[in-house]
Amino acid sequence: MAEPLKAMYNKEFLHSLAGKVQRAYSSFDSEGFIAAAMAEPWEELELKGRMRRITQSLGECLPSRYEDALRVLYEIDKDCVGFPYLIFPDFVEVHGQAPEHWELSMEALERFTSKSSAEFAVRPFLLREPERMMAQMLIWSRHENEHVRRLSSEGCRPRLPWGQALPMFKRDPSPVLPVLEQLKADPSLYVRKSVANNLNDIAKDHPALVLEIAKRWKGQHPDTDWIVRHGCRSLIRKADPGVMALFGYAEADDSAPLVVGASLTAAPEALGIGDSSELTYELRVREGEPVRIRIEYGIDFVKASGKTSRKLFLLSDKTVPGGTRLAGTRTHRWADLTTRRHYPGEHLITLLVNGREAATTLIKLELPKEAEGGV
């Protein structure tokens, strides 16, 4: 099993960081810093908890004046690159929010984001002064450095994973749109991915707005087309009619069904959590002109409460001639993930074509034998 991300913050990392800081700031209490950072309940802290503990411990051991503390971090940041050094933007978030420190903090976030990322650290600033911060984000969207441009989009995503929620942008994303307009044909894929993810976030609360943007942007530039497609992915999964039409997916009605016949099987029909199923599907599309189809399977996962929640998995997305027969197999593992736990019970599996259900089957998921024996 892969080591949890929080393990990157360990005693070795703290010793390395302390050594770098002490070379730039001779009064730094390395042992006191490490002891404060790893004080109980260190082992129980998750990733962001450990990061925040390190940030707070740095604040206790660096110069008390924010300006002087930043100066020390500037001395060593060239040697502090990578995901673990999210602690530097976090330091700005924790210690640099006083009104008199605004310019210093913006300079620090701009500098540190290229070493790790400041996407989480900007969010408290956005929550406190959204208009002022979005003006800064628009400035950053024109920056020569792709990391800074990405920050301007990633930092204001309404639903950034692991980040503080931005309820004002869930309600009204209009302040975010000028940044996305600025970046909609950015030469950096790193930036374009962020723009697409921001659009996808907005689509969850304002699908009509994203459809309007997609219609306006589509066809302007190949890079913009990639953003539009990726930014509409949630709407495509939901088979939103306007989005499906925009991307040329075939429609179906009662007089001309898209799928003439379809089947779906899963073997074995009963299995334990941690085992795998082999899914086999077959379908034939209607005769006539070529059609674009998106084939998925959805699983209604049983939750701890006994209720179910569907998740979709893509099988194929392509244009095929009319009358084409399509068939395939897919192995699905029922092992627990950090993002999904499995629970025993009947799980409905559905074959979907362009968002419409074409065939279903059931499997029975059971507790692993060792778990049953331990009860």
Throw together a table of side-chain donor-acceptor distances under 3.5 angstrom for residues 230-247, partners on residues two or more places apart or in other chains.
from: His230; atom 1: NE2; to: Arg233; atom 2: NH1; distance (Å): 3.4
from: Arg233; atom 1: NH1; to: Asn197; atom 2: OD1; distance (Å): 3.3
from: Arg233; atom 1: NH1; to: His230; atom 2: O; distance (Å): 2.8
from: Arg233; atom 1: NH2; to: Asn197; atom 2: OD1; distance (Å): 2.8
from: Ser234; atom 1: OG; to: Asn200; atom 2: OD1; distance (Å): 2.8
from: Ser234; atom 1: OG; to: Asn200; atom 2: ND2; distance (Å): 3.3
from: Asp240; atom 1: OD1; to: Gly242; atom 2: N; distance (Å): 3.1
from: Asp240; atom 1: OD1; to: Val243; atom 2: N; distance (Å): 3.1

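- Here the side chain of Asn10 pairs a donor or acceptor atom with the backbone of Ala7 at under 3.5 angstrom.
- Evaluation of the ring pair (Phe, Tyr, Trp, His ring centres under 6.0 Å) test over residues 48-75, restricted to residues two or more places apart or in two chains, returns Tyr66-His101, Tyr74-Phe112.
- Checked against side-chain contact (heavy atoms from CB on, under 4.5 Å), His147 has the following partners two or more places apart in sequence or in another chain: Thr113, Ser114, Asn145, Tyr190.
- Contact record, Glu110 with Val148: O-CG2, 3.7 Å, taken as the closest heavy-atom pair.
- With sequence neighbours excluded, the residues satisfying side chain to side chain donor-acceptor pair (under 3.5 Å) with Glu212 are Arg216.
- Distance check: Asp300 CG to Arg310 CZ gives 4.5 Å after rounding to the nearest 0.5 Å.
- A donor-acceptor pair shorter than 3.5 Å cannot be found between the side chains of Arg142 and Ser152.
- Here the closest heavy-atom approach between residue Ser141 and residue Leu183 is recorded as O-CD2, 3.3 Å.
- Annotation: cation-pi geometry not satisfied between Lys6 and Tyr9 (NZ/CZ under 6.0 angstrom from ring centroid, within 45° of ring axis).
- Judged by distance alone, the side chain of Asp77 and the main-chain N or O of Cys80 form no donor-acceptor pair under 3.5 Å.
- Sequence neighbours left out, the pairs with a member in residues 151-164 that pass salt bridge (Lys or Arg N to Asp or Glu O under 4.0 Å) are Arg150-Glu154, Glu154-Arg157, Arg157-Asp201, Arg159-Asp205.
- Note on residues 321-334: pairs passing salt bridge (Lys or Arg N to Asp or Glu O under 4.0 Å), not counting sequence neighbours, are Glu282-Arg325.
- For Arg132 and Trp102, the positive end sits near the middle of the six-membered ring, less than 6.0 Å away and at most 45° from its axis.
- The shortest non-hydrogen separation linking Leu264 to Thr361 is O-CB, 3.6 Å.
- Under the 3.5 Å distance criterion, with hydrogens and angles disregarded, a donor-acceptor pair is assigned to the side chains of Ser153 and Ser194.
- Annotation: side-chain contact (heavy atoms from CB on, under 4.5 Å) contacts of Val81 (sequence neighbours excluded): Lys115.
- Within the 3.5 Å criterion, the main-chain N or O of Arg71 finds no donor-acceptor partner in the side chain of Glu75.
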Please report, to 0.1 Å, the donor-acceptor pairs under 3.5 Å made by any side chain of residues 34-49, with sequence neighbours excluded.
from: Lys48; atom 1: NZ; to: Trp162; atom 2: O; distance (Å): 2.6

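- Scored by the side-chain contact (heavy atoms from CB on, under 4.5 Å) test, Lys184 finds Glu181, Trp217, Gln220, Thr224 as partners (sequence neighbours excluded).
- Under a 3.5 Å cut-off, the side chain of Arg229 and the backbone N or O of Ala196 do not form any donor-acceptor pair.
- Between Leu352 and Arg294, the closest side-chain pair of non-hydrogen atoms is not below 4.5 Å.
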Start with the C-alpha distance between Phe33 and Phe28, add both sets of side-chain angles, then the distance that settles ring pair (Phe, Tyr, Trp, His ring centres under 6.0 Å), and finish with yes or no.
CA-CA 8 Å; Phe33 162 69; Phe28 187 71; 5.4 Å; yes
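- Residues Arg286 and Glu289 are not paired through a salt bridge, judged by the lack of any N-O separation under 4.0 Å between the basic side chain and the carboxylate.
- Not counting sequence neighbours, the partners of Tyr85 by the side chain to side chain donor-acceptor pair (under 3.5 Å) test are Lys20.
- Under a cut-off of 6.0 angstrom, the local environment of CD in Glu67 is crowded, with over 12 non-hydrogen atoms contributed by other residues, nucleotides or ligands.
- Here the side chain of Arg149 pairs a donor or acceptor atom with the backbone of Glu144 at under 3.5 angstrom.
- Annotation for Lys215: atom NZ does not count as buried by contact number, only 12 or fewer foreign heavy atoms lying within 6.0 Å.
- The shortest heavy-atom contact between Asp186 and Asp223 is O-OD2, 4.1 Å.
- Not counting sequence neighbours, the partners of Trp334 by the ring-ring contact (aromatic ring centres under 6.0 Å, His included) test are Phe301, His332, His342, His347.
- Across all non-hydrogen atoms, the minimal contact from Cys156 to Met134 is CB-SD, 3.8 Å.
- Residues near Ile139 contribute nothing to a hydrophobic cluster around it, because no ILVMFWY side-chain heavy atom sits closer than 4.5 Å to its side chain.
- Both tests pass for Arg292 against the ring of Tyr249: distance under 6.0 Å to the centre and angle within 45° of the axis.
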